[in-house]
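Notes for the one structure printed next.
In what follows, every chain begins at residue 1, and chains take the letters A, B, ... in the order their sequences are listed.
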Number of protein chains: 2
Amino acid sequence: MSTKALSIKDIAKKANVSITTVSFIINGKGVEKNISTAVIERIEKIIQEDGYKPNQVARSLRMGTSKIIGLIVEDISNPFFAGIARLIEDKAYKKGYKIIYSSTENQPGKTKELIDLFKSRQVDAYIIAPAEGARIEIEKLLLENKPVVLFDRYLPDLNVNYVGIDNFNASYNAVKQFVKDKRKNIALVTVDIDVEQINHRLDGYKQALIDHQMPFSAGLVIKMPFGQTKEETIDRLVQLFKSHPEIDAVLFATNYLAIGGLMALKQMNKMVNERFSVIAYDDGDVFKLHTPQISAVEQPLDEISDNIINLIFQQISAKEQLAPQQIILSGRLIIR
Amino acid sequence: MSTKALSIKDIAKKANVSITTVSFIINGKGVEKNISTAVIERIEKIIQEDGYKPNQVARSLRMGTSKIIGLIVEDISNPFFAGIARLIEDKAYKKGYKIIYSSTENQPGKTKELIDLFKSRQVDAYIIAPAEGARIEIEKLLLENKPVVLFDRYLPDLNVNYVGIDNFNASYNAVKQFVKDKRKNIALVTVDIDVEQINHRLDGYKQALIDHQMPFSAGLVIKMPFGQTKEETIDRLVQLFKSHPEIDAVLFATNYLAIGGLMALKQMNKMVNERFSVIAYDDGDVFKLHTPQISAVEQPLDEISDNIINLIFQQISAKEQLAPQQIILSGRLIIR
DNA sequence: GTTCTATACTAAAACGTTTTACCGTTCTCA
DNA sequence: TGAGAACGGTAAAACGTTTTAGTATAGAAC
């Protein structure tokens with residue numbers, strides 16, 4: 001049976017003082033609370049030697065805070081989210097906070113479940129890449145005045161902190177690049193979920209076509225159902241390329257779609273070259289190592305996570321309610 | 001100000017019963033504890049309507065368990081760990097458990113910090129890919145009889161649950177494949193950390209050379225310092241390939257080393273072809289999409305995480321101490 | 001020699017649960 | 001008819017902290 005951990009009571013008994021005194025010292029309030037330096041040192045020594053660590057659960061219960069930040073993403077194994085998670089974890093850790101995370105897999109119900117779960121664990125703040133149907137839950141958090149920062153995906157007309165990139169312009173510039181390269185039939189492969197981020201990627205594509213006097217053809221826009229297998233994605237794209245041999249450029253709205261696309265091309269023995277270009281969202285080693293190298297819209301992970309963490313800590317330490325900020329960074333089009 | 005969440009007391013008051021009764025009902029012990037079905041239904045209705053969720057922190061404090069599993073890896077943004085994390089999270093969630101994770105970045109001190117932190121949050125079980133210097137901390141956990149499963153990296157002569165692949169044979173087979181392909185100068189690029197997993201990858205390489213009557217040349221084994229930047233890795237490998245033009249095959253002991261290696265080759269305009277082969281540890285999209293495709297030792301993520309979770313839950317639900325199990329799966333050599 | 005202030009510390013409540021031990025009724029049946 | 005069992009609940013302690021509102025003593029000030 002696991003030996004019980006030391007409690008503040010044990011330390012108090014051993015030192016012949018009250019638990020109040022020990023508590024003050026643990027929390028660095030010894031001097032402020034008029035505890036003699038002799039006692040302070042004695043207790044600190046005992047704590048040190050016995051390796052006493054305060055029980056955070058008890059502390060949470062009493063204080064109503066947990067020093068835990070909840071992170072909700074679609075899929076932690078997606079390199080974009082994993083990268084953000086790593087950076088956020090690191091920065092949070094330095095301020096004494098831990099991350100507890102979950103993937104929603106884009107299931108509407110799961111967001112609610114997760115938020116409830118996090119709430120019941122008294123997490124201090126929420127970082128969320130919201131899936132469809134997350135709106136009401138997030139509104140509730142806001143009503144309860146919890147620190148919340150959304151990222152990657154924005155919920156329109158919800159007055160909430162947000163960090164993301166300018167997807168409209170990123171798409172726009174990608175298409176502009178295609179036009180500059182004399183591409184005539186530019187396809188967009190995107191995903192069939194109704195979130196602003198994804199919609200803007202489509203809007204930017206459309207607007208760029210208009211501005212460059214190119215026709216919009218519905219047949220060149222593919223909306224993949226979310227959650228389909230990689231094989232399905234590949235099959236679907238093979239079909240697309242076969243039935244539309246005129247396509248000479250493709251913009252992929254997510255990194256996994258781009259990967260699927262490149263696999264489809266490989267399978268068909270179709271080359272990316274001077275007559276067929278590709279641009280992917282979210283840069284990665286895959287694209288750098290591909291032959292030929294693939295152009296990409298790079299999201300600045302470091303900048304994004306910096307901003308997220310700053311917003312979170314601003315809110316955590318704020319006395320009164322802060323006005324939500326929307327931080328829009330720009331994606332960098334890397335042309336290869 | 002955030003409106004306070006409902007407590008069991010509120011529900012009890014509203015229903016005119018004691019909190020004991022409510023607690024019994026919440027925990028499905030209503031019938032067993034002789035609460036009338038009338039009362040049970042009434043309370044359940046109130047709970048439902050008011051959306052009451054028990055405070056897990058209070059529950060943890062009282063029960064000493066948290067329904068949280070701690071996951072400690074080297075770097076959550078490494079696709080291998082991210083993939084495992086995702087799968088484990090999913091399986092744990094289905095049993096009502098959450099994951100709280102952290103990256104050690106291979107800093108010896110950090111493992112201790114993290115374990116202490118997890119302990120003070122009363123996590124119910126530990127899943128750890130141990131970094132160097134983690135041994136004593138893990139021994140302590142074992143003494144305290146906490147459920148622990150190590151994965152990826154094994155600590156020799158520590159009697160503890162472990163799930164991993166047979167690194168010796170994986171390396172051995174990789175080299176064997178090179179020999180079959182008539183390679184004469186086979187290099188190993190590995191990392192300079194002293195963990196069994198990494199050592200076995202080296203041992204398998206050596207043994208395969210011996211068994212095939214090939215000379216072992218220390219100059220063909222590169223141990224990269226852990227934590228060096230990608231650029232440093234690339235530079236170092238460029239040097240290697242330049243100073244050892246005789247090399248005609250390379251086994252990379254980790255996925256990020258392989259990626260660095262491919263970048264080095266790309267930079268040098270050196271091709272992977274019939275006269276120069278590469279095998280990487282941990283398969284990934286990068287290798288499938290590379291031209292030519294890169295052979296890899298695939299670790300069976302699904303199988304690994306299944307085994308981890310099973311071991312964890314076996315321990316959590318066991319009444320008495322279980323004998324630790326070492327589960328060694330085989331890596332699959334994918335020849336491309 | 002009283003009052004005031006500073007010093008050095010502590011008792012006890014509170015956070016929201018779970019669980020043990022108990023208390024009244026009403027039935028059952030010898 | 002009266003003893004035990006079954007029924008339907010409840011009071012209160014405990015988990016390990018933090019924090020408020022003290023207490024007790026010593027010295028300072030007048």
Exercise for review: Evaluate the ring planes of A:Phe81 and A:Phe151, with Trp represented by its six-membered ring, and classify them as parallel (under 30°), tilted (30 to 60°) or perpendicular (over 60°).
Suggested key: perpendicular

Practice item. Quick one: sort the B:Tyr97 and B:Phe313 rings into parallel, tilted or perpendicular, breaks at 30° and 60°. Key: perpendicular

**Study point:** Toward the 5' end of DNA chain D, by each residue's nearest nucleotide, B:Met63 or B:Ser36
**Key:** B:Ser36

Taking [atom1] from [X] and [atom2] from [N], how many angstroms apart are they, rounded to a whole number?
| X | N | atom1 | atom2 | value |
| --- | --- | --- | --- | --- |
| B:Lys33 | D:dG8 | NZ | C1' | 13 Å |
| A:Asn27 | D:dT20 | CG | P | 13 Å |
| B:Ile43 | D:dG8 | CD1 | P | 15 Å |
| A:Ile19 | D:dT20 | CD1 | P | 15 Å |
| B:Phe24 | D:dA12 | CZ | C1' | 13 Å |
| B:Ile8 | D:dT10 | CD1 | P | 12 Å |

Practice item. Walk me through it: do B:Lys14 and B:Asp50 pass the test salt bridge (charged side-chain N to carboxylate O under 4.0 Å, His left out)? Key: CA-CA 11 Å; B:Lys14 184 157 179 181; B:Asp50 294 9; 3.0 Å; yes

**Study point:** Along DNA chain C, first and last positions that approach a heavy atom of chain A under 4.0 Å
**Key:** C:dA8 to C:dG16

Check your understanding: When we call it a touch if two heavy atoms are under 4.0 Å apart, what does A:Thr21 touch: a base, just sugar-phosphate, or nothing?
Key -> base

Practice item. Report which part of the nucleic acid A:Ser23 touches: base, sugar-phosphate, or nothing (heavy-atom distance under 4.0 Å, all strands). Key: base

Polar side chain donor-acceptor pair, [X] to [Y], under 3.5 angstrom:
| X | Y | value |
| --- | --- | --- |
| A:Thr65 | A:Gln122 | no |
| A:Thr20 | A:Ser23 | no |
| A:Gln197 | A:Asp152 | yes |

Practice item. Please list, by residue number, the residues of residues 55-62 of chain B whose heavy atoms come closer than 4.0 Å to an atom of DNA chain D; answer none if no residue qualifies. Key: B:Leu61, B:Arg62

Review point. Are the charged groups of A:Arg153 and A:Glu196 less than 4.0 angstrom apart, N to O?
Key: no

Point to revise | Residue that, paired with B:Pro324, satisfies side-chain contact (heavy atoms from CB on, under 4.5 Å) out of B:Asn159, B:Val148, B:Leu142, B:Leu311 | key: B:Asn159

Check your understanding: How many angstroms lie between atom CD of B:Gln56 and atom CE of B:Met63, to the nearest 0.5 angstrom?
Key -> 8.5 Å

